[in-house]
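As structure tokens, the structure follows; a few thoughts come after it.
The first residue of the sequence shown is numbered 1, and numbering continues consecutively from there.
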Amino acid sequence: MDSTERVRNAIQGKPLDRQPIYGWVSANLSEEIADVWGSVTAFEDHYEFDMANMKRVVDYVHSRGALASLHSDGCVMKVADGIAQLGLDVVHPWQESAGMSYDTYLEKYADRFTILGGVCVQSAIGILSRAELEREIRRVFGLPGGKRWICCTTHFVQNHCSMEDLKFAFDLIYKLAREI
């Protein structure tokens with residue numbers, strides 16, 4: 001099936017022979033790739049197909065003078081090189097608690113794309129004490145060292161996050177941003 005036929009089938013709601021890139025990124029590319037795709041070769045073929053099509057989208061967005069961003073859920077470390085090759089400008093979230101190292105970002109990708117994140121609503125806000133939350137925010141805020149980073153929550157605010165904790169966190173972030 002060629003890409004034009006694949007697009008027509010997607011528009012018509014017909015089953016696709018390949019899953020779109022956002023599907024496997026949001027599924028975290030589990031360790032069981034062979035179970036999902038039948039073989040690593042099948043996955044690599046799929047990856048190359050989606051990378052080529054996504055690259056066209058990113059290039060088009062750039063041609064219109066806009067920035068291209070990727071939102072994914074979970075760890076995308078296995079495809080971070082591909083994300084960089086696509087020319088995406090922003091990746092959200094970059095989440096340590098999902099296994100995405102800030103050190104790896106700083107060493108390999110900080111000159112390639114910007115990350116959003118830093119304040120984890122799954123492991124910090126609404127979970128840590130105020131003193132622990134302050135230490136965590138200061139630690140994370142000090143990591144990027146002037147690199148391409150937009151400080152925000154790693155996900156939508158969860159029910160366990162109180163307005164008081166959010167106000168505390170963002171007041172501290174505002175203060176730290178003014179000290180740079």
Shortest non-hydrogen separation from A84 to Y109 and the atoms involved
CB-CD2, 4.0 Å
Do D165 and H160 have a side chain donor and acceptor closer than 3.5 Å?
no
Verify, without hydrogens or angle tests, whether D89 (side chain) and A68 (backbone) share a donor-acceptor contact under 3.5 angstrom.
yes
Look at E134 together with R138 and state whether they make a salt bridge at an N to O cut-off of under 4.0 Å.
yes
Are any of the side-chain heavy atoms of H92 and C152 separated by less than 4.5 Å?
yes
Does the side chain of M100 come within less than 4.5 Å of I115's, by heavy atoms?
no
Determine, for K167 against E164, whether the closest basic-nitrogen to carboxylate-oxygen distance falls under 4.0 angstrom.
no
May I have the step-by-step check of side-chain contact (heavy atoms from CB on, under 4.5 Å) for F170 and T153, ending in yes or no?
CA-CA 10 Å; F170 283 97; T153 59; 3.9 Å; yes
According to a hydrophobic-cluster definition based on side-chain heavy atoms being under 4.5 Å apart (Ile, Leu, Val, Met, Phe, Trp, Tyr only), do L128 and F168 belong together?
yes
Could you check whether any side-chain heavy atom of R112 comes within less than 4.5 Å of a side-chain heavy atom of I83, counting everything from C-beta outward?
no
Could you state whether L86 and V90 fall into the same hydrophobic cluster, counting links through intermediate Ile, Leu, Val, Met, Phe, Trp or Tyr residues with side-chain heavy atoms under 4.5 angstrom apart?
no
If only atom types and distance count, is the side chain of W94 paired as donor or acceptor with the main-chain N or O of S101 below 3.5 Å?
yes
So do the side chains of K108 and D81 get within less than 4.5 Å of each other, counting heavy atoms only?
yes
Lys/Arg cation over aromatic Y174: R178, 6.0 Å, 45° cone:
yes
Between V140 and Y102, is the side-chain contact (heavy atoms from CB on, under 4.5 Å) condition met? List the steps.
CA-CA 9 Å; V140 171; Y102 285 115; 4.0 Å; yes
Hydrophobic cluster membership, L143 vs L176, 4.5 Å side-chain cutoff:
yes
Does the pair K175/D171 count as a salt bridge with the N-to-O cut at 4.0 Å?
no
